[in-house]
Peer 1: 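Take this structure, written in structure tokens, and hold onto it; I'll ask about it next.
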Amino acid sequence: MKIAVCVKRVPDTEARIKVGADGKSIDESGVKFVLNPYDEFAVEAALKLKEAAGAGDVTVVSLGGDASQETIRTALAMGADRGVLLKVDGGTMDPLPIARALADELKAGGYDLVFCGKLAVDDSSHGTGVLVAELLELPVVSAVSHLTIANGKGTAEREIEGGVEVVEFELPAVVTTEKGLNEPRYPALKGIMMAKKKPLEVKPITLGAGGLEVESLAYPPERPAGRIVGEGPDAVPALLDALRTEAKVL
Amino acid sequence: MADILVVLEQRDGTIKRVGLEALAGGRALADKAGGAVHAMVLGPPGLKTDVAAAHGADVVVVTADEAVRLYQGNRYAAAVAARAQGGAYAAVLLGATALGKDLGPRIAARLGCPLAADVTALEYDTGIVVSRPVYSGKAVYRLRVTAPTCVITLRPNNFMPVEATRAGTVEPAALPVAGNRAARTVQVKEPERAALDVAEASIVVSGGRGLKDPEQFKLLEELAAAFGGSTAVGASRAVVDAGWRPHAEQVGQTGKTVSPNLYVAVGISGAIQHLAGMRTSKVIVAINKDKDAPIFKVADYGIVGDLFEVVPRLTAEVRKIRGN
Ligand SMILES: Cc1cc2nc3c(=O)[nH]c(=O)nc-3n(C[C@H](O)[C@H](O)[C@H](O)COP(=O)(O)OP(=O)(O)OC[C@H]3O[C@@H](n4cnc5c(N)ncnc54)[C@H](O)[C@@H]3O)c2cc1C
Ligand SMILES: Nc1ncnc2c1ncn2[C@@H]1O[C@H](COP(=O)(O)O)[C@@H](O)[C@H]1O
């Protein structure tokens, strides 16, 4: 089984986000970057399938600057076999050019499965994996929290509002991963050492122009300062009074 | 040529509220741009679509076919793309639900256009400008659409449905034939207790590790019942990971994003990843015994105290007001 996983380098969700001087991007200084949490589920899913089959090859693909090599190495340390960096300067807020570049890289790879995260926690475009699948004309199931693969077929479950959709498909296919699919492993020391020796190919590419232009990046509107209405159960009437007369939500 | 296409979502033949919210967003754009609003709905034969005309649709495109009784991403995408092909619309709008988040990028790929997901505000001057929370809600992008068309998914509860009666001329449209390589939804499993989804509720009562024990969530279920109507119980990741509550109830970065009229956080500390999922709620109430808990920084109203004393009292008082 040949599997590809798309991984993205993103700021740690704990990181404080500072808007840069240009007012259009974040100030990256001092920000810790990590492998996108949803992509950890994607890498883990690929490794599990390879292990269950007893054979296979897992390629991780990332599009980004040079620093994304570190992100690829994290996935290699988890156990992926090889990495490809589609090296770009800058980026775009339109996920289509990114998906096109990823699809171009993946299309000749002969992959049985391509995993992406459901969402990248930085720009949260929430669509790159599905875009890639559509561009490759492959079946896709998004936001998958349960997956079984056997005999060239897959069954996936995805949570919808008030229910769970059960979806069947044939390989090759694209799956985007939701929390709950698995418990991603931590890279062990041995894995980290081995990752240094695994092949990582760097391919400079040029991104197509997107159709979304950044006007501004700003902090969300401050919530008006709230107040403590009181302590203990005796504060309940004051709370309800505020909800009814001030906030008018009851 | 600044018409807007709004894809409505139906479940069991009923059009969902998010669709009416998207119609309101679409109507506002079209009115400024001098265009019409077309609604599109797919589902089994016998769909009732009157609400679309009552909420601002000039035209209602109806694809009624047994094959799309359940959501089939590939078939929906083919039908919407067939309608929107050739630059007929300045934008295709959908609710950012499980369906919308899956369908949006499928349509964008087929139209070769940008996708703006989980949008919280729409503006129009010489073109469309969207606002999207990014970095877990820690910042917001304003993005100008420079392409002739785009796909936009709208975060639920950010646009108020508006009653605006229009012609709503019904245009039937056939479902395009199925491609041979597609994933097929074969079943929708409903939970045993059909609870309202947190993302769709107008009041959410959420609990965290402060509840100490999964059994204690019945305190929150009672409070939710006292509020009545469109109220759902939510949870922090800590209690979902502990197996106390299902993942479907999780609010936050790796759970659902909610914007209810009222969000009550009980025994939740207010970690940044939790805030990512609820900070756009209209009114936030926090009940926590630690006066320094970060949740109080985003709360409009707080009670410092032991939830096991505060919540039963709150439930009793809400019952009196609401008569539930
Ligand atoms: C990548 C990533 C993604 C994440 N995604 C999410 C997410 O989607 N959603 C999410 O919620 N978290 C998420 N987290 C986890 C998050 O960081 C916190 O760990 C989690 O939200 C804490 O849950 P909690 O508030 O229930 O528990 P705690 O932080 O333990 O807080 C419990 C609170 O209860 C209060 N309390 C205790 N006893 C009482 C009492 N008797 N009366 C009143 N108050 C009491 C305490 O003062 C405390 O404030 C994520 C973390 C990471 C790293
Ligand atoms: N620059 C990138 N490089 C590699 N994979 C990416 C990139 N951007 C997005 N992806 C993949 O697409 C998923 C969804 O991202 P997004 O659509 O940006 O929310 C991510 O979890 C990744 O798997």
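As the structure is a computational prediction, the values presented were derived from the model and not from experiment. In the text below, chain A, chain B and the rest are named by the order of the sequence lines, each starting its count at 1.
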Peer 1: Checking heavy atoms, do the side chain of A143(A), its backbone, both or neither come under 4.5 Å from chain B?
Peer 2: neither
Peer 1: Please report the interatomic distance CG(N288(B)) to CD1(I228(A)), rounded to the nearest 0.5 Å.
Peer 2: 9.0 Å
Peer 1: Do L99(B) and I160(A) have side chains that get closer than 4.5 Å, going by heavy atoms?
Peer 2: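 Heavy-atom side-chain distance check fails, nothing below 4.5 Å.
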Peer 1: Would a distance-only check, ignoring hydrogens and angles, find a side-chain to backbone donor-acceptor pair under 3.5 Å from R244(A) to I321(B)?
Peer 2: no
Peer 1: Tell me, out of K118(A), R223(A), R100(A), E231(A), who's got the most heavy-atom pairs with chain B below 4.5 Å.
Peer 2: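 The option with the most such pairs is R223(A).
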Peer 1: Under a 4.5 Å heavy-atom cut-off, does chain A meet the side chain of D118(B), its backbone, both or neither?
Peer 2: neither
Peer 1: Between A242(A), S216(A), G163(A), which residue shows the highest count of heavy-atom pairs closer than 4.5 Å to chain B?
Peer 2: S216(A)
Peer 1: Taking side chain as C-beta onward, heavy atoms only, is L217(A) less than 4.5 Å from V134(B)?
Peer 2: yes
Peer 1: Do NZ/NE/NH1/NH2 and the carboxylate oxygens of R132(B) and D123(A) come within less than 4.0 Å?
Peer 2: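 So R132(B) does not pair with D123(A) through a salt bridge.
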Peer 1: Could you grab the distance from atom CZ of R184(B) to atom CD of E165(A), nearest 0.5 Å is fine?
Peer 2: 13.5 Å
Peer 1: Could you check whether T146(B) and E213(A), counting side-chain N and O atoms only, form a donor-acceptor pair closer than 3.5 Å?
Peer 2: no
Peer 1: Of all of G232(A), P237(A), P11(A), which one pairs up most often with chain B through heavy atoms under 4.5 Å apart?
Peer 2: G232(A)
Peer 1: Is it the case that the side chain of K256(B) and the backbone of E161(A) share a donor-acceptor pair, with hydrogens and angles ignored and the cut-off at 3.5 Å?
Peer 2: no
Peer 1: With a 4.5 angstrom heavy-atom cut-off, which part of T280(B) approaches chain A: side chain, backbone, both or neither?
Peer 2: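 Interface part for T280(B): backbone (N, CA, C, O).
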Peer 1: Is it the backbone or the side chain of L314(B) that comes under 4.5 Å from a heavy atom of chain A, or both, or neither?
Peer 2: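 Interface part for L314(B): both.
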Peer 1: Which bit of K297(B) comes within less than 4.5 Å of chain A, counting heavy atoms only: side chain, backbone, both or neither?
Peer 2: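 Answer is neither: K297(B) stays 4.5 Å or more from chain A.
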Peer 1: Which atoms of F296(B) come close to chain A, meaning under 4.5 Å heavy atom to heavy atom: side chain ones, backbone ones, both, or neither?
Peer 2: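 The answer is the side chain of F296(B).
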Peer 1: Tell me, for Q250(B) versus chain A, whether the close heavy atoms (under 4.5 Å) come from the side chain, the backbone, both or neither.
Peer 2: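 Side chain of Q250(B) only, per the 4.5 Å heavy-atom cut-off to chain A.
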Peer 1: Which one of V318(B), D306(B), I284(B) has the most heavy-atom pairs closer than 4.5 Å to chain A?
Peer 2: I284(B)
Peer 1: Let me know if Q273(B) has heavy atoms under 4.5 Å from chain A in its side chain, its backbone, both or neither.
Peer 2: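 Answer is side chain: those atoms of Q273(B) sit under 4.5 Å from chain A.
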Peer 1: Tell me, for E14(A) versus chain B, whether the close heavy atoms (under 4.5 Å) come from the side chain, the backbone, both or neither.
Peer 2: both
Peer 1: Search all heavy atoms of V130(A) against all heavy atoms of D102(B) and return the closest pair with its distance.
Peer 2: CG1-O, 3.8 Å
Peer 1: If you look at every heavy atom in S125(A) and L115(B), which pair is closest and at what distance?
Peer 2: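 That would be O-CD2, 3.8 Å.
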Peer 1: With a 4.5 Å limit on heavy-atom distance, are the side chains of L119(A) and K101(B) in contact?
Peer 2: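 A side-chain contact under 4.5 Å is absent here.
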Peer 1: With only heavy atoms counted, which part of L240(A) is less than 4.5 Å from chain B, the side chain, the backbone, both or neither?
Peer 2: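 Only the side chain of L240(A) comes within 4.5 Å of chain B.
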Peer 1: Can you say whether V130(B) sits under 4.5 Å from chain A via the side chain, the backbone, both, or neither, judging by heavy atoms?
Peer 2: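 Nothing of V130(B), per the 4.5 Å heavy-atom cut-off to chain A.
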Peer 1: Identify which of A77(B), A248(B), S136(B) forms the greatest number of heavy-atom pairs closer than 4.5 Å to chain A.
Peer 2: A248(B)
Peer 1: Sort Q187(B) into side chain, backbone, both or neither according to what part of it lies under 4.5 angstrom from a heavy atom of chain A.
Peer 2: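 Both parts, backbone and side chain.
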Peer 1: Taking every heavy-atom pair that is under 4.5 Å apart, which of A235(A), G162(A), P37(A), G127(A) has the most such pairs with chain B?
Peer 2: G162(A)
Peer 1: Can you tell which part of I272(B) gets under 4.5 Å to a heavy atom of chain A, answering side chain, backbone, both or neither?
Peer 2: side chain
Peer 1: In the structure I gave you, are the side-chain heavy atoms of V229(A) and V285(B) within less than 4.5 Å of one another anywhere?
Peer 2: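 Of all side-chain heavy-atom pairs linking V285(B) with V229(A), none is under 4.5 Å.
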Peer 1: Under 4.5 Å from any heavy atom of chain B, what part of L239(A) do you find: side chain, backbone, both or neither?
Peer 2: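 Just the side chain, heavy atoms under 4.5 Å.
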Peer 1: Who among A316(B), A109(B), S131(B) has the most heavy-atom pairs with chain A under 4.5 Å?
Peer 2: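 Going by pairs under 4.5 Å, I would pick A109(B).
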Peer 1: As an exercise: rank K291(B), E317(B), K289(B) by heavy-atom pairs under 4.5 Å with chain A and give me the winner.
Peer 2: E317(B)
Peer 1: With a 4.5 angstrom heavy-atom cut-off, is it the side chain or the backbone of A182(B) that approaches chain A, or both, or neither?
Peer 2: backbone
